[in-house]
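Here's the structure, in structure tokens; my notes come after.
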Amino acid sequence: MTTLADTRREYEHDTLSKKQLDANPFLQMQHWLDAAQKENLKDATVMTLATTGNDGMPDARVVMLKQFDESGFCWYNSYGSKKGRQIAENPQACLLFYWREFDQQIRIQGRVEKLTAKEADTYFHSRPLGSQFSAAASAQSQPIESRNALQKKVDDLIQANPDAVDRPDDWGGYRLIPSTFEFWQGRKSRLHDRFRYTLNDAHRWVITRLQP
Ligand SMILES: Cc1cc2nc3c(=O)[nH]c(=O)nc-3n(C[C@H](O)[C@H](O)[C@H](O)COP(=O)(O)O)c2cc1C
């Protein structure tokens, strides 16, 4: 049997140099995302969201990137969820993408703000109706005694109006406005390429190569 200590593979998909990087990290992100989507990479828009509330205990979970441009990276959830409560206490977070097939990792830190109710409405009603009912019925991250009790909450909503459901007030989106990006390209023998973008005092992005 292979032990964990012996479990490894080489990272040889690609290389990354400062010359190849776009001066604008949002465009660099777009290049990598375009390549990932062109190759139909499974779950390229899935990202780990790390947050920390007042208790200082780091927390993380996966959410889906639903929109991104130079204003930031957006996802949707319930504001009353554990992550929502942590963001209310400390509106800073980290997003992490890992694309196994490309041996790439992107780390993005920044402050977080709520999307508008209009943006939340538009996205909520663009979802399949079943997902809308599930989101409306679920008090995300709250305990419930059984699957049956959860299903009943959905069934009651559907019975009240099978054709439509309102977006709950506490369901909506967040935008992370980046202050730091890091692009990581796995390389042979663990001598990886890493580049960090930070904003200088003149609000220009500065690129620094990091040791692996
Ligand atoms: C592939 C995948 C995608 C997910 N996308 C979302 C999402 O977009 N929004 C969301 O609230 N939860 C999403 N989840 C569920 C979260 O990981 C998490 O269980 C949930 O948001 C509750 O987290 P919290 O208790 O830390 O608030 C996703 C989970 C997986 C595995």
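Position 1 is the first residue of the sequence, and the numbers go up from there. A quick note: this is a predicted structure, and the numbers were derived from the prediction, not measured. Atoms within a ligand are numbered from 1 in the order they appear, just like the ligands themselves.
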Exercise for the section: May I ask you to check whether Q132 and H125 show a side-chain donor-acceptor distance below 3.5 Å? Expected result: yes

Handout entry: Donor + acceptor pair across side chains of E119, T122 (<3.5 Å)
Key = no

Handout entry: Any donor-acceptor N or O pair under 3.5 Å, side chains E70, N24
Key = yes

Problem - Backbone of Q86 reached by a side-chain donor or acceptor of E89 within 3.5 Å - result: no

Fill in the blank from the handout: ring pair (Phe, Tyr, Trp, His ring centres under 6.0 Å) pairs touching residues 43-70, sequence neighbours excluded, are F68-F73

List of N/O pairs, ligand 1 versus protein, all under 3.5 Å?
{"unit_1": "ligand 1", "atom_1": "8 (O)", "unit_2": "M64", "atom_2": "N", "d": "3.0"}
{"unit_1": "ligand 1", "atom_1": "9 (N)", "unit_2": "Y76", "atom_2": "O", "d": "2.9"}
{"unit_1": "ligand 1", "atom_1": "11 (O)", "unit_2": "K83", "atom_2": "NZ", "d": "3.4"}
{"unit_1": "ligand 1", "atom_1": "11 (O)", "unit_2": "Q140", "atom_2": "NE2", "d": "3.0"}
{"unit_1": "ligand 1", "atom_1": "14 (N)", "unit_2": "V62", "atom_2": "O", "d": "3.1"}
{"unit_1": "ligand 1", "atom_1": "17 (O)", "unit_2": "V62", "atom_2": "N", "d": "3.4"}
{"unit_1": "ligand 1", "atom_1": "17 (O)", "unit_2": "V62", "atom_2": "O", "d": "2.7"}
{"unit_1": "ligand 1", "atom_1": "21 (O)", "unit_2": "K83", "atom_2": "NZ", "d": "2.7"}
{"unit_1": "ligand 1", "atom_1": "21 (O)", "unit_2": "Q140", "atom_2": "NE2", "d": "3.1"}
{"unit_1": "ligand 1", "atom_1": "25 (O)", "unit_2": "S141", "atom_2": "OG", "d": "2.6"}
{"unit_1": "ligand 1", "atom_1": "26 (O)", "unit_2": "R61", "atom_2": "NE", "d": "2.7"}
{"unit_1": "ligand 1", "atom_1": "26 (O)", "unit_2": "R61", "atom_2": "NH2", "d": "3.0"}
{"unit_1": "ligand 1", "atom_1": "27 (O)", "unit_2": "S81", "atom_2": "OG", "d": "3.4"}
{"unit_1": "ligand 1", "atom_1": "27 (O)", "unit_2": "K82", "atom_2": "N", "d": "3.2"}
{"unit_1": "ligand 1", "atom_1": "27 (O)", "unit_2": "K83", "atom_2": "N", "d": "2.9"}
{"unit_1": "ligand 1", "atom_1": "27 (O)", "unit_2": "K83", "atom_2": "NZ", "d": "3.0"}
{"unit_1": "ligand 1", "atom_1": "27 (O)", "unit_2": "S141", "atom_2": "OG", "d": "3.3"}

Practice task
May I ask you to check whether S78 and Q140 show a side-chain donor-acceptor distance below 3.5 Å?
Solution key: no

